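Structure record follows, encoded as C-alpha cells.
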Amino acid sequence: MIHRNIFHYCVFLIALTLASCEKTETIDNSNPVAIELETLEVKIMSESEIQFVGNISSLNKEEILDVGFMLYDLSKDPQNPIEISMGKEAAKVGKIVYDYKAKANFIMGQTYGFSFYVKTKKAFYKGVQNSFSVDLIQIDGDNIRYAKIGQKAAIKGDFAQLNRNYVISLDAESSETVPFEISKDNSELSFVLPATNKNHGQSLEIYLLHKKENGLNQYRRKLLTLKLLGTVNRPLPNTYYYGDVLPLSGIGIEKPVTGTLKVVMNGKSVEYNPALTFADFGPFKGNTIQWAIDYGNEVVEFAEPLQLKAPSLSHLKFEPNGYHPSGIIIIHDFDFSKYYGTTLPEIRVGTHKITDAHFSDQSLIFDLKGLPEGRYPLEFVSPMYSVKSDMMIVVKNFILNPLPRKEVYQLDQMTLTGAFIPNQWYVLSIGPSSEIFEAKSATEIDIKIPRVTPGDYKLKLEDAPAQDIKILDPQFTDVSPKTVSVGQNITISGKGLNDVDMVFLNNYAFFPSHINGETIQIPIPYTVLPGKYKLMLRFNYNNKDLATNQYIEIL
C-alpha cells in the first residue's frame, strides 16, 4: 500500500515537470545566446486605456510564438496576471509599443505591475516587472486657497475618476474625514469644513483618501493646502463704553493663528485677541466708530457703526461750603477707565486747565492751583466727547488776620480770625508741632497753643503768610492761703499754668482739682502731717519743675 502511494506521487511530479516545460521556460538574459529584452514604461491614456512600452535589444534563431505584456493587479492577485498578446508578428529589434484598453476602469490609487515578454518554442523571456497606478485627477492652478470654517469649500479640476469609495481627509496627520460631492460635469469637488476645532489662519492640507474593504487606508493623495478663514458675526448696533471689550463673536476666532486676524478701527490695525478693548484703538474723534475686520485675504467693513457711551457728571457732588484756591478736590464714584481708558481727558474748572490731575480706582484728585474766588463748572474735554457738571465748584479766598496776641503760653486758647470755610480742618504749625483745628465759622478758628519749648517761633496756618509768635515761660505769682488746715483748698496763681501736672509740698504730691491758665486749686488731704512745706510745680512738658520760695503751713 505504501509502495503504491510513493509510485503515484512520483508519477504526479514527473507529469507536473513535463507540463511546466511545455508552457514556459525563463532564460537568464545574461546568456549570450538568449533573446535580450527589457520592460520600459507605461503611459496613462484614460481611466481604462494605457500604453505599454518595451524594448527588444537582440533576437536569436528561436522560433517566436508570441510577443506581449503581462498585466498584474498587485493589490489582489499578483501571481495571476493577464497575458496581453500582440502576436508573433510584433517581434522585432527595437522599441515595442502597444495600446491596451481594459474592460473595466483602472482603480485610482491601486498599484498595478507589468512586464514585457517574448515567448518562443524553446523558452519564455520576460523583462523586469515595473509598477504603475492610474491617477487622472487634475487640480486647476487657479483654485481657491482660502476656505471658510463651517462652510462649503470647492476645488476645481477633473474628478471624473472618483467614486463613492473615497473621502476627504483633513490634514496629513489627522484621522478626520468628510464626505464630498462631485458636480455633474465632474469639474468641481466640494465638501463642508467642520465648524469646531478649527482656527482662523490655520493651514489645512486636504487629502483624497481611498479605503480598502477592511477599513485600512489604501491610497492617500494630497490635493491642496487651504488657509482657513473664520467668520466674525456682525455685532448688534449698541452703545458701548470706551473701556469695554470689543463685542466680537463668530466661528473660528477664539484662538486665531498669531497675526492672521486683525481689527481695523480709527486708522489702526491691531491683532485680534479676545481681550481687545475700544481703548486699544483710541482716543477717537467723536463717539461714532466705523470699523472693519482684516481676515488676511480681504478687509470686511461693518455697515453699522458702533456708538461710545458718553459720561455724565450730573451725579457729582462737590463740597457745598466751597474750596480755597490752594485746596484739593477729590471726586469719588466716577469710573474714568470705563470712559477714558488709561488716559485722562483734559480737565477744566471754568476756563482754567488742570495739569496735574490723577486718578486711582474710581477717584479723581486735583488741586485748584490758586484759582480766583468764584463759581465754576467742572468739565472733561476729549476728542470723543465733552461733558460739564451741573453743580458748581465754589472757590473762596483764604485769609488769616494778624494774631490777637504775639506772646502766649503753652496750651493757651486763642481765636484766629480771617476768611475760612466753616467745618473745614486747617493745619497749624508752630515750631516742630503741627496740629489740625476746625473752623467754627467763616471768620473764626479756635486753636490751642501746643506744648513746645518756650521761645520765638513762626505760626503757620496752611499757606497763609507766617506770623511771629513767642511762647513764654510759665510764671508763679502767689499762693493763698499760706496757712491752711487739712481738708481745705489752696489756690496757686500765676501765668501759663495750663500744663501743670502735679503740685508738690516737699515730698507730698497733689493732683490739681481745678486748673486754668492763671489759677490752680488743690485740696489738702487728711493724710498730710502738720508742718511747713515748700511749694513746687511740675509741668507735663518734659517733666519741667518750677520751684517757688513760698511755704505752706499746715495746721
Side-chain angles (χ1 to χ4, degrees), residues 38-55 67-87 90 95-117 126-144 152-170 172 177-192 205-226:
E38 58 183 330
T39 305
L40 293 182
E41 61 182 345
V42 67
K43 295 182 180 179
I44 311 301
M45 312 298 289
S46 70
E47 295 177 72
S48 60
E49 187 176 0
I50 57 178
Q51 184 182 81
F52 291 117
V53 182
N55 184 64
V67 174
F69 292 88
M70 293 290 186
L71 176 61
Y72 305 86
D73 187 341
L74 300 181
S75 64
K76 291 184 178 180
D77 191 1
Q79 302 305 320
N80 187 22
I82 298 173
E83 190 172 308
I84 303 170
S85 173
M86 299 173 59
K95 187 174 290 187
I96 308 297
V97 177
Y98 181 72
D99 291 341
Y100 170 70
K101 175 112 177 133
K103 293 179 180 180
N105 291 345
F106 291 99
I107 299 174
M108 188 184 70
Q110 192 158 300
T111 304
Y112 299 90
F114 74 101
S115 59
F116 183 45
Y117 74 83
K126 183 174 69 173
V128 175
Q129 184 186 104
N130 290 339
S131 62
F132 70 94
S133 62
V134 178
D135 185 345
L136 298 176
I137 300 298
Q138 299 294 326
I139 305 297
D140 291 354
D142 60 348
N143 261 289
I144 60 163
K152 180 181 286 189
I155 303 174
K156 296 184 182 299
D158 183 353
F159 303 101
Q161 197 177 1
L162 290 182
N163 55 44
R164 295 178 179 273
N165 295 323
Y166 295 85
V167 290
I168 292 296
S169 173
L170 304 180
T177 61
V178 294
F180 60 82
E181 295 180 355
I182 302 293
S183 62
K184 290 183 178 180
D185 61 358
N186 297 318
S187 65
E188 185 177 273
L189 179 151
S190 61
F191 56 93
V192 176
E205 295 181 332
I206 305 301
Y207 285 82
L208 191 64
L209 182 66
H210 179 269
K211 290 192 173 183
K212 291 182 178 181
E213 294 178 359
N214 61 8
L216 298 176
N217 295 340
Q218 178 186 12
Y219 175 70
R220 188 180 187 89
R221 169 183 167 165
K222 181 179 177 180
L223 297 180
L224 48 70
T225 299
L226 290 180

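Model, not experiment: these values are computed from the prediction. Hydrogens, waters and symmetry mates play no part in the numbers below; they use all other heavy atoms, side chains included.
Exactly one of V192, L170, V167 qualifies for a side chain to side chain contact (heavy atoms under 4.5 Å, CB included) with V178. That residue is L170. When L189, D158, I155 are each tested for a side chain to side chain contact (heavy atoms under 4.5 Å, CB included) with I139, only one passes: I155.
Closest heavy-atom contact between K156 and F159: C-CE1, 3.8 Å. M108 and Y166 get closest at one heavy-atom pair: O-OH, 2.6 Å. Across P179 and F191, no two heavy atoms sit closer than the pair O-CB, 3.4 Å. What you find for G127 and S115 is that their closest heavy atoms are O-CB, 3.5 Å. In plain terms, the two heavy atoms of G157 and D140 that are nearest each other are CA-OD1, 3.5 Å. Contact between L209 and R220 at its shortest, heavy atoms only, is CD1-NH1, 3.8 Å.
Environment of NZ in K152: sparse, with no more than 12 heavy atoms of neighbouring residues, nucleotides or ligands closer than 6.0 Å. Atom CD of E181 has 12 or fewer neighbouring heavy atoms from other residues, nucleotides or ligands inside a 6.0 Å radius.
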Indicate every side-chain donor-acceptor pair of residues 95-105 with a distance under 3.5 Å to a residue at least two apart or in another chain.
{"unit_1": "D99", "atom_1": "OD1", "unit_2": "Q51", "atom_2": "NE2", "d": "2.9"}
{"unit_1": "K101", "atom_1": "NZ", "unit_2": "S48", "atom_2": "OG", "d": "2.8"}
{"unit_1": "N105", "atom_1": "ND2", "unit_2": "E47", "atom_2": "OE1", "d": "3.4"}

### Task
Tell me, with the steps shown, if I168 and L208 meet side chain to side chain contact (heavy atoms under 4.5 Å, CB included).
CA-CA 5 Å; I168 292 296; L208 191 64; 4.0 Å; yes

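Residues satisfying the side chain to side chain donor-acceptor pair (under 3.5 Å) criterion with Y112, sequence neighbours excluded, are absent altogether. Here D185 pairs with S183, S187 under the side chain to side chain donor-acceptor pair (under 3.5 Å) rule; sequence neighbours left out. N186 meets the side chain to side chain donor-acceptor pair (under 3.5 Å) test with no other residue; sequence neighbours excluded. Annotation: side chain to side chain donor-acceptor pair (under 3.5 Å) contacts of S85 (sequence neighbours excluded): D66. With sequence neighbours left out, F69 forms a ring-ring contact (aromatic ring centres under 6.0 Å, His included) with F52, F116.
Taking CG from L226 and CD1 from I206, the interatomic distance works out to 4.5 Å, rounded to the nearest 0.5 Å. Rounded to the nearest 0.5 angstrom, I44 CD1 and L136 CG are separated by 7.0 Å. For the atom pair I50 CD1 and E41 CD, the distance stands at 12.0 Å (nearest 0.5 Å). Distance check: L71 CG to Q129 CD gives 10.0 Å after rounding to the nearest 0.5 Å.
Listed for the Q161 side chain is a donor-acceptor partner under 3.5 Å among the backbone atoms of V134.
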